[in-house]
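Letters A, B, ... mirror the listed sequences (proteins, then strands); counts begin at 1.
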Number of protein chains: 2
Amino acid sequence: MDDGAAIKKRPGGRSAQVRARVQAAVIELLADHQLEEVTIPRVAERAGVHQATLYRRWGNVAGLVDDIVAERVGELAPIPDTGTLRGDLELAAIRFAEVIAPLGGIMIRAAALATPNAESTVSFRTRASQLQAMLDRAAARGEKAPTLTELLEGITAPLYFHELFFGRPADAEHAKALVDRLLIYVEAAPDR
Amino acid sequence: MDDGAAIKKRPGGRSAQVRARVQAAVIELLADHQLEEVTIPRVAERAGVHQATLYRRWGNVAGLVDDIVAERVGELAPIPDTGTLRGDLELAAIRFAEVIAPLGGIMIRAAALATPNAESTVSFRTRASQLQAMLDRAAARGEKAPTLTELLEGITAPLYFHELFFGRPADAEHAKALVDRLLIYVEAAPDR
DNA sequence: GTGTTAAAGCAACTTTCTTCGCGTTTGGAT
DNA sequence: ATCCAAACGCGAAGAAAGTTGCTTTAACAC
């Protein structure tokens, strides 16, 4: 995983431990507090790290959350080639659901924290191009494939929505159901 | 907080004006600032209202946003009976997209601000039961209708997603496309 | 080992947010 | 017209967040 510019220089030492403790503290606080209540001083106290360190390294709460999200999205990166679109989609969807799960809505909150659009972030673009490649593979095999937008709206959006409105992540079962739904649509739809 | 009680008593008076100015200020600030930068003092200044008033009436930023969202969702309330499921869905989807539009993502941020789940809020429940009634009408007419979850995930989730990740609302055209997609799926899907 | 230096700790300081008591305005009722 | 109470305005005091210069720690290179 790409550790980010902030700790590239001394990845093995104290900095890394600080980062880990801070990330854990953020996630814990976010789990049972309103976003407004998650402040730098509180995170610092829970992590056992000095405030000034957090202000210098991450600047504000949004910075902290970004850092966490970027790392998690990075872990999500490799999309396997299972040979069929359905297989690829199911794996991608289930993995994504699993990544969202332990974060308790952080990714959503992160997106909400950032001013305008997540579309321009590196993580999003990277992810989008990976997914596009997956669709292209399917098309090359002659399978009927959805567009990237249809994929995002049919799979990603509902998974986020689940977390956002129900306060709990979708399980693997549900992720598979979404894939199924998307593929039924793609098969039935007139050419687009 | 209990906005209802607060303005029911004197709907035409100073309180109502204060509320209107405050709501406008919040929306304006949210439009071009990070969520963290939207603070009570700043809202108060822009609205030309004293800070203490905001603290007393709404408590914090989350309270302000809740108030706005609740009002907008309320306006959305009546779901017309057009006689066909498609007609109902399109109208509901377009209206919803229009409500989201001028708010520039506030509703999303509101959901993200609240601690765990929006599911338990009054606005959400109300809305959900309205939509369910709409589906029941269709079923009574003998139409193949999606489940409430399929509707939420097929229409609402993508509309939110659009705002959340692209930073701009979906237009009416797109809302209609989502309805189309959902109905194609419902027609094609084996019974569920 | 020893030296170098990025990063963390520390503490005082500034700024901003939040609360509170009290006086004033104002919409509605008598 | 007058009174009443709810809601707002005001300003000061207190609490919390955010900032900064300096010191100390410890990873890494030699």
Side-chain angles (χ1 to χ4, degrees), chain A residues 1-26 28-30 33-68 70-71 109 113-115, chain B residues 1-26 28-30 33-68 70-71 109 113:
Chain A
M1 73 207 78
D2 176 358
D3 278 300
I7 68 159
K8 206 182 284 169
K9 292 220 164 178
R10 296 180 175 185
R14 186 167 54 161
S15 292
Q17 281 189 20
V18 165
R19 185 172 181 231
R21 286 218 303 277
V22 168
Q23 288 195 353
V26 170
E28 287 167 26
L29 282 175
L30 233 27
H33 290 84
Q34 277 200 221
L35 189 54
E36 283 186 318
E37 295 167 357
V38 180
T39 64
I40 298 279
R42 271 195 259 264
V43 172
E45 192 196 352
R46 179 176 274 251
V49 170
H50 201 271
Q51 300 184 8
T53 298
L54 302 201
Y55 280 116
R56 277 197 265 255
R57 239 178 110 169
W58 290 280
N60 54 28
V61 177
L64 282 170
V65 175
D66 279 355
D67 188 33
I68 296 173
E71 189 178 5
R109 289 183 160 91
L113 272 171
T115 324
Chain B
M1 331 229 103
D2 38 4
D3 60 278
I7 67 155
K8 229 164 229 166
K9 292 214 165 183
R10 297 178 177 186
R14 184 168 56 165
S15 292
Q17 282 188 20
V18 165
R19 185 172 180 230
R21 287 218 303 276
V22 168
Q23 287 195 352
V26 170
E28 287 167 25
L29 282 176
L30 233 28
H33 290 83
Q34 278 200 220
L35 189 55
E36 284 187 316
E37 295 167 356
V38 180
T39 64
I40 298 279
R42 272 194 258 263
V43 172
E45 193 197 350
R46 179 175 275 252
V49 170
H50 199 270
Q51 301 183 6
T53 297
L54 302 200
Y55 280 114
R56 278 195 270 255
R57 235 176 115 171
W58 291 281
N60 53 29
V61 177
L64 283 170
V65 176
D66 280 355
D67 187 32
I68 296 174
E71 189 178 6
R109 289 183 161 93
L113 270 172

Validation: residues 38-47 of chain A side-chain donor-acceptor distances under 3.5 Å, sequence neighbours left out:
residue : atom : partner : partner atom : Å
A:Thr39 : OG1  : A:Arg42 : N            : 3.4
A:Arg42 : NE   : A:Glu37 : O            : 2.6
A:Arg46 : NH1  : A:Glu28 : OE1          : 2.4

* Structure fact -> By nearest-nucleotide position on DNA chain D, the 5'-leaning member of B:Val49 and A:Glu37 is B:Val49
How many Å lie between [atom1] on [X] and [atom2] on [N], as a whole number?
{"X": "A:Gln51", "N": "C:dT14", "atom1": "CD", "atom2": "P", "result": "17 Å"}
{"X": "A:Asn60", "N": "C:dT15", "atom1": "CG", "atom2": "P", "result": "20 Å"}
{"X": "B:Tyr55", "N": "D:dC10", "atom1": "OH", "atom2": "P", "result": "16 Å"}
{"X": "A:Leu54", "N": "D:dA17", "atom1": "CG", "atom2": "C1'", "result": "13 Å"}
{"X": "A:Gln17", "N": "C:dG9", "atom1": "CD", "atom2": "P", "result": "11 Å"}
{"X": "A:Trp58", "N": "C:dA7", "atom1": "CH2", "atom2": "P", "result": "11 Å"}
{"X": "B:His50", "N": "C:dT18", "atom1": "NE2", "atom2": "P", "result": "14 Å"}
{"X": "B:Arg14", "N": "D:dA7", "atom1": "CZ", "atom2": "C1'", "result": "6 Å"}

* Asked: A:Ala52 side chain: which of D:dA7, C:dA11, D:dG11 is closest?
  -> C:dA11
* To do: Rounded to the nearest 0.5 Å, what's the gap from CD1 on B:Ile68 to CG on B:Leu30? Could you check?
  => 7.5 Å
* Phosphate OP1/OP2 of D:dC8 contacted by B:Ser15 side-chain N/O (<4.0 Å) -> yes
* Can you sort out which residues in residues 38-47 of chain A have a heavy atom within less than 4.0 Å of DNA chain C? Ascending by number, please. => none
* End-to-end axis angle, where each axis spans five pairs of the helix from C:dG1-D:dC30 to C:dT30-D:dA1, to 10° -> 40°
* Asked: Can you find a donor-acceptor pair, distance only, under 3.5 Å between A:Arg56 side chain and D:dG21 base?
  -> yes
* Show the numbers, then the answer: is there a side-chain contact (heavy atoms from CB on, under 4.5 Å) between B:Leu35 and A:Leu35? => CA-CA 10 Å; B:Leu35 189 55; A:Leu35 189 54; 4.2 Å; yes
* Asked: Counting only N and O atoms by type, is there a donor-acceptor contact under 3.5 Å from the side chain of B:Glu36 to the main-chain atoms of A:Val61?
  -> yes
* Evaluate the criterion side-chain contact (heavy atoms from CB on, under 4.5 Å) for residue pair B:Arg57 and B:Val22; output intermediate values, then yes/no. => CA-CA 11 Å; B:Arg57 235 176 115 171; B:Val22 168; over 6 Å; no
